[in-house]
2 protein chains.
Amino acid sequence: MNLIQRPADATSLAHDRVYRHLRGRIMYGDVAPGHAMTLRGIGREYEVSMTPAREAVRRLVAEGALTMSTSGRISTPELSNERIEELAALRALIEVELASRALPRAHMALIERLQTINARVAEAVAHRDAVSYIRTNLEFHRTLYLRAQAPAMLAMAETVWLQMGPTMRALYGRLRRTEPPQFHRLIIAALRAGDEPGLRLAVRSDVTQGLRMLAS
Amino acid sequence: MNLIQRPADATSLAHDRVYRHLRGRIMYGDVAPGHAMTLRGIGREYEVSMTPAREAVRRLVAEGALTMSTSGRISTPELSNERIEELAALRALIEVELASRALPRAHMALIERLQTINARVAEAVAHRDAVSYIRTNLEFHRTLYLRAQAPAMLAMAETVWLQMGPTMRALYGRLRRTEPPQFHRLIIAALRAGDEPGLRLAVRSDVTQGLRMLAS
DNA sequence: CATGCCACTTTGTGATCACAAAAGTGGTGG
DNA sequence: CCACCACTTTTGTGATCACAAAGTGGCATG
């Protein structure tokens with residue numbers, strides 16, 4: 001009978017807490033494609049009832065982070081190659097625009113911050129840590145795009161990242177190279193030079209490089 | 001005690017029925033920006049309890065069709081001009097790509113179908129029927145984009161339409177012109193000629209024409 | 001040994017309720 | 001006439017339950 005009542009702090013609502021945590025796990029590749037979940041299982045894990053678990057799941061399904069079978073079973077999506085190509089194309093479209101809008105606002109402090117993040121990306125690659133790589137790589141992109149002052153576009157881009165999360169884990173998991181990301185350096189160089197065409201090309205290349213891994 | 005039990009037909013689940021109906025009403029401009037709703041009100045309207053009403057609303061909030069205040073109050077969004085510009089830019093990016101992908105697959109039957117729909121668009125404009133105009137206009141675009149065989153991109157485009165629904169109603173509601181949509185004819189002409197640059201320009205122009213109305 | 005079948009378990013769905021916070025309402029004092 | 005306070009109503013949140021359908025495992029039968 002609702003004996004355990006939580007203070008109604010707007011930032012600690014149960015369903016939102018579950019949503020955010022699950023979202024992070026999916027986006028950053030903590031969970032493999034096709035991984036099944038249950039509402040009761042999620043409820044147990046986060047010590048909540050089925051109701052907030054269901055709301056969190058419903059929201060993630062709406063964002064494409066989870067799929068539901070016709071019988072309502074929940075799992076992370078296993079993307080077809082066609083779907084991956086589409087999502088990569090969407091990333092290219094949206095993120096090139098975001099980078100382009102960020103360019104005139106990208107000052108030295110931002111560029112230095114990107115370099116710092118990029119060092120962490122290189123470190124993750126060197127350690128073959130797929131989860132860290134995905135997380136820091138997305139942080140690199142998000143840091144740049146935040147400067148675009150375009151929240152709706154950034155939200156769209158993050159939705160695409162979310163949909164690709166489990167697949168990126170699987171892709172980068174079987175990745176064997178250890179060289180740091182070359183296109184990130186191109187992005188930084190283009191930002192420093194104020195070179196918009198170069199920036200667009202560098203972002204497009206960086207975003208679609210996963211496709212080349214897929215084809216190999 | 002769950003006395004009224006509905007047959008568990010996968011297509012008639014309560015929350016999905018509510019979701020789809022609300023989604024249509026919002027996307028096609030049946031409801032004005034800033035319009036408030038309540039879970040119990042929705043439940044009464046659709047003769048369901050709060051649970052499926054909440055799930056439908058949660059999903060629509062995730063898609064940006066509805067907004068929730070910090071206290072959980074629900075209403076359709078009132079978009080700022082910056083947000084409208086962003087959404088129009090997203091439409092341009094995604095829909096130009098969709099049209100471009102549809103072009104090689106656009107045969108005579110499709111073009112004729114587009115002309116039929118366009119006649120209905122013109123009729124709606126002539127009758128100054130904002131809801132019919134939005135509905136048939138989106139049907140025109142959707143019919144074209146379906147040929148692109150890119151479901152993820154189409155879903156993104158529809159999400160943008162959904163977010164703009166109430167605002168489009170407000171915009172077109174104060175629209176006074178009665179001439180049929182010029183850019184639709186350009187789109188059809190470019191399709192017929194297999195002219196990709198022309199098609200991209202025509203779609204971009206059509207999609208961003210609302211902005212000019214906004215500026216006036 | 002394979003296969004169909006039946007009982008049992010797991011799981012999502014929707015209704016209902018208690019609760020707290022927010023919004024609305026009316027009256028009183030400045 | 002307006003600001004403020006107490007009270008009532010409205011509203012979202014989360015827990016719990018009944019139910020049906022889907023999955024699961026074992027057993028008997030061919």
Side-chain angles (χ1 to χ4, degrees), chain A residues 1-23 26 31 34-78, chain B residues 1-23 26 31 34-78:
Chain A
M1 247 152 247
N2 213 8
L3 295 176
I4 307 162
Q5 199 75 9
R6 198 166 277 279
D9 181 350
T11 66
S12 76
L13 290 189
H15 74 263
D16 210 55
R17 177 169 56 88
V18 176
Y19 164 76
R20 267 201 292 267
H21 198 260
L22 279 177
R23 181 177 192 268
I26 295 169
V31 37
H35 180 77
M37 301 178 177
T38 66
L39 295 182
R40 286 174 177 86
I42 293 168
R44 258 194 307 275
E45 186 176 354
Y46 292 93
E47 294 180 325
V48 296
S49 77
M50 291 173 57
T51 310
R54 236 197 316 181
E55 297 198 16
V57 164
R58 194 64 71 185
R59 189 167 167 191
L60 289 165
V61 169
E63 295 175 341
L66 294 172
T67 59
M68 284 183 74
S69 73
T70 52
S71 66
R73 296 304 167 81
I74 304 150
S75 62
T76 51
E78 299 184 274
Chain B
M1 244 149 252
N2 213 6
L3 295 175
I4 307 163
Q5 200 74 8
R6 197 166 277 281
D9 182 349
T11 65
S12 76
L13 290 187
H15 75 262
D16 210 57
R17 176 170 56 89
V18 176
Y19 164 76
R20 266 201 289 269
H21 198 260
L22 279 178
R23 181 178 193 268
I26 294 169
V31 39
H35 180 77
M37 302 177 176
T38 66
L39 296 182
R40 286 174 176 85
I42 293 168
R44 257 194 307 276
E45 186 177 354
Y46 292 94
E47 294 181 325
V48 295
S49 78
M50 290 172 60
T51 310
R54 241 199 310 182
E55 299 199 17
V57 164
R58 192 67 68 186
R59 189 168 169 190
L60 290 164
V61 169
E63 295 176 341
L66 294 173
T67 59
M68 283 182 75
S69 72
T70 54
S71 66
R73 295 308 168 76
I74 304 149
S75 63
T76 51
E78 298 183 274

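Throughout, a chain's letter reflects where its sequence line sits, starting with A, and its residues are numbered from 1.
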To the nearest Å, how far apart are [X] [atom1] and [N] [atom2]?
X	N	atom1	atom2	value
Arg59(B)	dG12(C)	CZ	P	17 Å
Glu45(A)	dT11(C)	CD	P	14 Å
Arg73(B)	dA21(C)	CZ	C1'	9 Å
Met68(B)	dA22(C)	CE	P	13 Å
Leu13(A)	dA20(C)	CG	P	15 Å
Arg17(A)	dT13(D)	CZ	P	15 Å
Leu66(B)	dT11(D)	CG	P	16 Å
Leu39(B)	dG14(D)	CG	P	12 Å

**Asked** In terms of the nearest nucleotide of DNA chain C, which residue is placed more toward the 5' end: Ser49(B) or Arg40(A)?
**Response**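 Taking each residue's closest nucleotide, the earlier one in sequence belongs to Arg40(A).
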
Nearest to the [X] side chain among [options], which nucleotide is it?
X	options	value
Thr51(A)	dA22(D), dG14(D), dG12(D)	dG14(D)
His15(B)	dT10(D), dT13(D), dT13(C)	dT13(C)
Pro52(A)	dT13(C), dA15(D), dT11(D)	dA15(D)

**Request:** Classify the nucleic acid contact of Thr38(A) as base, sugar-phosphate or nothing, counting any heavy atom under 4.0 Å across all strands shown.
**Result:**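 Sugar-phosphate, backbone atoms only, no base.
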
**Asked** If you look at every heavy atom in Tyr46(A) and His21(A), which pair is closest and at what distance?
**Response**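 It is OH-ND1, 2.5 Å.
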
**Message:** Rounded to the nearest 0.5 Å, what separates atom CD in Glu55(B) from atom OG1 in Thr51(A)?
**Reply:**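 So the gap between those two atoms works out to 9.0 Å.
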
**Item:** Nearest-nucleotide comparison on DNA chain D, the residue closer to the 5′ end among Ser71(A) and Met50(B)
**Value:**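 Mapping each residue to its closest nucleotide by heavy atoms, the 5'-most match is Met50(B).
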
Can you find a pair of side-chain heavy atoms, one from [X] and one from [Y], that are under 4.5 Å apart?
X	Y	answer
Asp16(B)	Arg59(B)	yes
Tyr19(A)	Arg58(B)	no
Leu66(A)	Thr76(A)	yes

**Message:** Under 4.0 Å from OP1 or OP2 of dG14(D): is there any side-chain N or O of Arg54(B) that close?
**Reply:**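 No, no such contact exists.
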
